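The shown structure was predicted, so the numbers you read here are calculated from the model rather than taken from an experiment. Note that these values count all heavy atoms, side chains included, but never hydrogens, waters or copies made by symmetry.
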Amino acid sequence: MTDFDESPHVSNPKSGGIAARAIAARGRQAPNYLDGLNPEQRAAVETTEGPVLVLAGAGTGKTRVLTTRIAHILATGRAWPSQILAVTFTNKAAREMKARIGLLVGGEVEGMPWLGTFHSIGVKILRKHAELVGLKSNFTILDTDDQIRLIKQLIQAENLDDKRWPARTFANMLDGWKNKGLEPKQIPEGDSRAFAGKGRDLYAAYQERLRTLNACDFGDLLMHPIAIFRAHPDVLADYHRRFRYILVDEYQDTNTAQYLWLRLLAQRPGKDNEQAPVNICCVGDDDQSIYGWRGAEVDNILRFDKEFSTATVIRLERNYRSTGHILGAASHLIGHNEDRLGKTLFTDHPDPEDPKVEVNAGWDSEEEARAIGEAIEDLQRRENHNLNDMAILVRASFQMRTFEDRFVTMGLNYRVIGGPRFYERMEIRDTLAYFRCVCQPADDLAFERIVNTPKRGLGDATIRLLHEYARERQIPLIPAALEIVETEELKPKPRNALRRVVLDMKRWSELLPSTKHTELAEQILEESGYTEMWQNDRSAEAPGRLENLKELIRSMEEYESLPSFLEHVALVMDTEQNAEMDAVSIMTLHSAKGLEFDTVFLPGWEEGLFPHQRALDEGGRSGLEEERRLAYVGITRAKRRAKIWFVSNRRIHGLWQSTIPSRFLDELPDAHVDVMEANTSYGGYGAGGFGGYGASRWDGAAAFNEGAYRTPGWKRAQAAKASQGGGDGWSGGRTREITYESDQTSGFSGRFTADGAERQGRASRGHNQPPRRGLGLYSSAKRGGPREIEGELVAKSVAEHESAFSKGDRVFHLKFGNGTVALVDGNKLTVDFDKAGQKRVLEGFLESI
DNA sequence: GTACGGAGAGGTAAG
DNA sequence: CTCTCCGTAC
């Protein structure tokens, strides 16, 4: 608060190194940070006063505008760094902004204390004024895990059946309410009737419980500040005075609570106050609004100019990222949406030589992963591309696993972004729970988590007694435990165990001020027996978990103290992964927003997955439009190459399901799209029934034995296919000859026109099957060689195939057991299994008996 | 009180 | 398929 009311023009060497440097930089070499901005960007940077809405399409230099704008404000002496509020949605975006401002201004960035996510800024405000909402400033931030456990307790306390009323469901409702900024008394009647009529009561009870725990959840980080601003105009006025400039990134993703929060900060009351005008600048893209499901209101961006009548609206449409084909494909796709402000991206450098957007088909998700893996190796080896320049963007996180499995076998470096996160691992949470107990004796949830981890003989019975004891005296569990161990309430064995652990905690707490936090952390892990627990664990994961614990301690070095580390952990759930490593990124489309890659792979474009069924069911048309925006986001992440995939079979909930291509594929424009044909091992399937199997034999024995064909998934796929009745709409093996001919004449280029693809897509949809595929060409960088040759070989191998089995033979199958061959069709057999019934299986999986 | 196994349920996206 | 819950055996 030192520079709170100082004029930024006053020279003050101690405050805001950035501003000083920015001003110095301006002196030295004019404002060269403005160089290279186009007129719209420059307007967005230089219109510093009054409300500004920047509609920035994908790749139009949005971040550049934001960061340059901040640099400009600093360099022209309009404000100190501490007088600028800059909000982002993700920690990553915040980090990037800091780094880029640093580059503009030259040197390290310090002193932008109010640049961060909504949540991190919210927590900062709340720590200052916690007592105004009945919290202490050292409150804990609950993670989802704690939240669920707490809700479960409340549901049980209300005598509700927690099967019928799952805590998870309530947590989602809670989230919804808080996203809308609703307090218990404000929730809609319908919602309050939920949970057997106890919806509202549970919400109120939950908040009450949080207060006694001195805790809050993510939603409260916005709700509490809003409540404080409303109830305490003096506090709000302080912030009004402080924040001379407000900047908001990804404005299209703000939810109602965030909107209310911003509005309170931005709209200054009274006519004759002499405060600074409302200098708020919101940057967003309605076409990239993809968080409707978690409460984002596109409406916020649409009503911006109503809210701020003097608003300047600036559109950025000149795209610097992608090729003309990528922009063309993305624009055409998003043009199918009705609810949009309508922007048209364009590039100054369209080049017909640029690769078109590719659409690829595959047999199942495992093949998809394999083919994408090969495409990546191709680019890497043949074109010398860095893995860092490539990304796989999936719709749902379960898709990631297939890729991980495949890349591990291939030995291909990858990194998962936003996947199962470091801080969500069991051992990390356990450890953090210990730390929380030490820093905050009122943290009952943390205490419950680890009282009996490692096992100390403190089971349900003991904990229930402790709970009762604590409840009667209205004190948290740890102090209660300290007392109860001095009484006769507990049997000697649990009493001693409890005494030991709780005295340990007390001792660690006392060491807190005097001991270096990393040393204390190690001491806690050692003395609690937690490390030992994993050392004695014989399971395969144990060594990894111990590694993670070491990593945790290492990462603590950067923080001053245990409490400050804990706060970091609560808010920043993503850890920096070793960025030096060259690796392909795997992430969801949602977490890809704001990023760009030279090459982007977009797998899983199938109805039900993308667009996601649930989005369609729950969101109707607007749900579909949001999915389409997600597709738009995906394509526009690519600078040069976008490669879309769909497959015919995908495992969902462990069951193989046949799928049909996404409608979005039909919405891509012919002119910018190439439909690739069967650049994979399976491709022959469409041609020769199970010709894919035949093709795979050219993959060499090793690949066959280790590869996907041996996986249960492949077998299941075959089985599922077979049980569906085999040949069906695909014409199975019966169309063999047709496709060979046609493809051979086309020179095995494996390429249809985009027009052809459209026809394929539609035709296939008609009979609920994937497009019929031409000859599958097996090609791979590893083997190289002319495709033609392989193509012929494949063709021959299938065409001339003679089964080693004939009708009536007794056979054995690894999965289905013994059976009798009922029908032979090339290398594809129908077998009556003694136990499993009739199945269609590949000859390769059968043994003679 | 704990360890194990079987049954059953559930599974978009993120801070 | 994977996770959680619950009953049973120790």
Side-chain angles (χ1 to χ4, degrees), chain A residues 87-94 116-123 141-144 147-149 152 162-164 166-169 171-172 175 178-179 216-222 250 253-255 257-258 289-296 365 393-402 405 417-421 423-424 426 452-464 491 493-494 497 568-574 587-594 604 608-619 623 626-627 629-630 633-634 650-657 712-713 716:
Chain A
V87 233
T88 63
F89 272 82
T90 63
N91 294 299
K92 204 196 294 165
T117 62
F118 276 103
H119 291 94
S120 66
I121 289 168
V123 81
I141 301 161
L142 296 191
D143 59 30
T144 321
Q147 200 186 5
I148 301 275
R149 279 189 293 141
K152 189 169 273 174
D162 58 358
K163 284 266 159 52
R164 200 161 148 229
R168 175 85 247 161
T169 311
N172 288 335
D175 242 24
K178 294 195 173 181
N179 284 339
C216 64
D217 61 20
F218 280 115
D220 288 342
L221 297 180
L222 283 169
E250 307 282 12
D253 287 335
T254 48
N255 61 36
Q258 287 158 340
S289 159
I290 55 176
Y291 284 107
W293 55 273
R294 66 176 205 212
S365 39
L393 310 182
V394 298
R395 174 63 182 86
S397 50
F398 75 82
Q399 292 172 262
M400 293 181 179
R401 231 191 102 163
T402 325
D405 287 350
I417 309 223
R421 284 168 292 189
Y423 291 118
E424 283 173 9
M426 185 207 313
N452 202 27
T453 312
K455 299 269 181 279
R456 302 184 170 96
L458 296 168
D460 261 6
T462 314
I463 301 308
R464 208 169 311 125
K491 295 208 176 75
K493 229 171 120 187
H568 155 85
V569 168
L571 291 173
V572 187
M573 294 298 269
D574 58 340
M587 68 188 93
T588 63
L589 286 161
H590 283 89
S591 44
K593 194 171 59 158
L609 176 60
F610 193 33
H612 199 280
Q613 194 55 49
R614 211 166 133 181
L616 299 178
D617 293 346
E618 292 171 11
E626 181 154 318
E627 294 289 293
R629 291 193 291 268
L630 207 43
V633 167
R650 194 169 288 280
R651 188 167 35 191
I652 295 169
H653 308 337
L655 290 173
W656 283 96
Q657 309 217 302
R716 291 278 290 277

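Checking the phosphate oxygens (OP1, OP2) of C:dT2, a side-chain nitrogen or oxygen of A:Arg401 falls inside 4.0 Å. The shortest distance between the side-chain N/O atoms of A:Thr462 and the OP1/OP2 oxygens of B:dG1 is below 4.0 Å. For B:dT12, one of the phosphate oxygens OP1 or OP2 lies less than 4.0 angstrom from a side-chain nitrogen or oxygen of A:Arg614.
Counting any heavy atom pair closer than 4.0 Å across all strands shown, A:Lys152 reaches sugar-phosphate atoms only and no base atom. Residue-level contact check: A:Asn452 touches the backbone only, with heavy atoms under 4.0 Å from sugar-phosphate atoms and none from bases. Counting any heavy atom pair closer than 4.0 Å across all strands shown, A:Ser120 reaches no nucleic acid atom. A:Ala461 comes within 4.0 angstrom of the backbone, heavy atoms only, and of no base. Note on A:Phe89: only backbone sugar-phosphate atoms sit closer than 4.0 angstrom, heavy atoms only; bases stay farther off. Using a 4.0 Å heavy-atom criterion, one finds that A:Arg168 contacts no nucleic acid atom at all.
Between A:Phe398 atom CZ and B:dA13 atom P the separation is 9 Å, expressed in whole Å. Remark: P of B:dA13 and CG of A:Leu609 are 11 Å apart, rounded to the nearest angstrom. Regarding A:Asp175, its CG atom lies at a distance of 14 Å from the P atom of B:dT12, rounded to whole Å. In this structure, A:His612 places its NE2 atom 9 Å from C1' of B:dA13, rounding to the nearest Å. Per the geometry, CZ belonging to A:Arg149 stands 18 Å off P belonging to C:dC3, to the nearest Å. Here the C1' atom of nucleotide B:dG15 and the NE2 atom of A:His568 are 14 Å apart, to the nearest Å. Look at CZ on A:Phe218: it is 13 Å from P on B:dA14, rounded to the nearest Å. As rounded to whole Å, 14 Å separates atom C1' of B:dT12 from atom CZ of A:Arg650.
Each of B:dT12, B:dG15, C:dT2 was ranked by its minimum atom distance to the side chain of A:Arg395; first place goes to B:dT12. Side chain of A:Thr588, nearest nucleotide from B:dA13, B:dG15, B:dT12: B:dA13. Listed candidates were C:dT2, B:dA14, B:dT12. Nearest to the side chain of A:Glu618 is B:dT12. With B:dT12, B:dG1, B:dA14 as the candidates, the nucleotide lying closest to the side chain of A:Trp293 is B:dA14. Side-chain proximity of A:Thr144 to B:dG15, B:dA14, B:dT12: nearest is B:dG15.
Classified by interplanar angle (parallel below 30°, tilted 30° to 60°, perpendicular above 60°), the ring pair A:Phe118/A:Phe89 is perpendicular.
More than 12 heavy-atom neighbours from other residues, nucleotides or ligands sit within 6.0 angstrom of CZ on A:Arg149. Within 6.0 Å of CG in A:Asp617 there are more than 12 heavy atoms belonging to other residues, nucleotides or ligands.
No side-chain donor from either of A:Gln147 and A:Asp143 sits under 3.5 Å from a side-chain acceptor of the other.
Using a cutoff of 4.0 Å between basic side-chain nitrogens and carboxylate oxygens, A:Asp175 and A:Arg294 are not scored as salt-bridged.
Residue-to-nucleotide proximity on DNA chain B shows that, of A:Gly457 and A:Pro166, the 5′-proximal contact is made by A:Gly457. Both A:Lys455 and A:His119 sit near DNA chain B, but only A:Lys455 has its closest nucleotide nearer the 5' end.
Rounding to the nearest 0.5 Å places OG1 of A:Thr144 at 9.5 Å from CG of A:Asp217.
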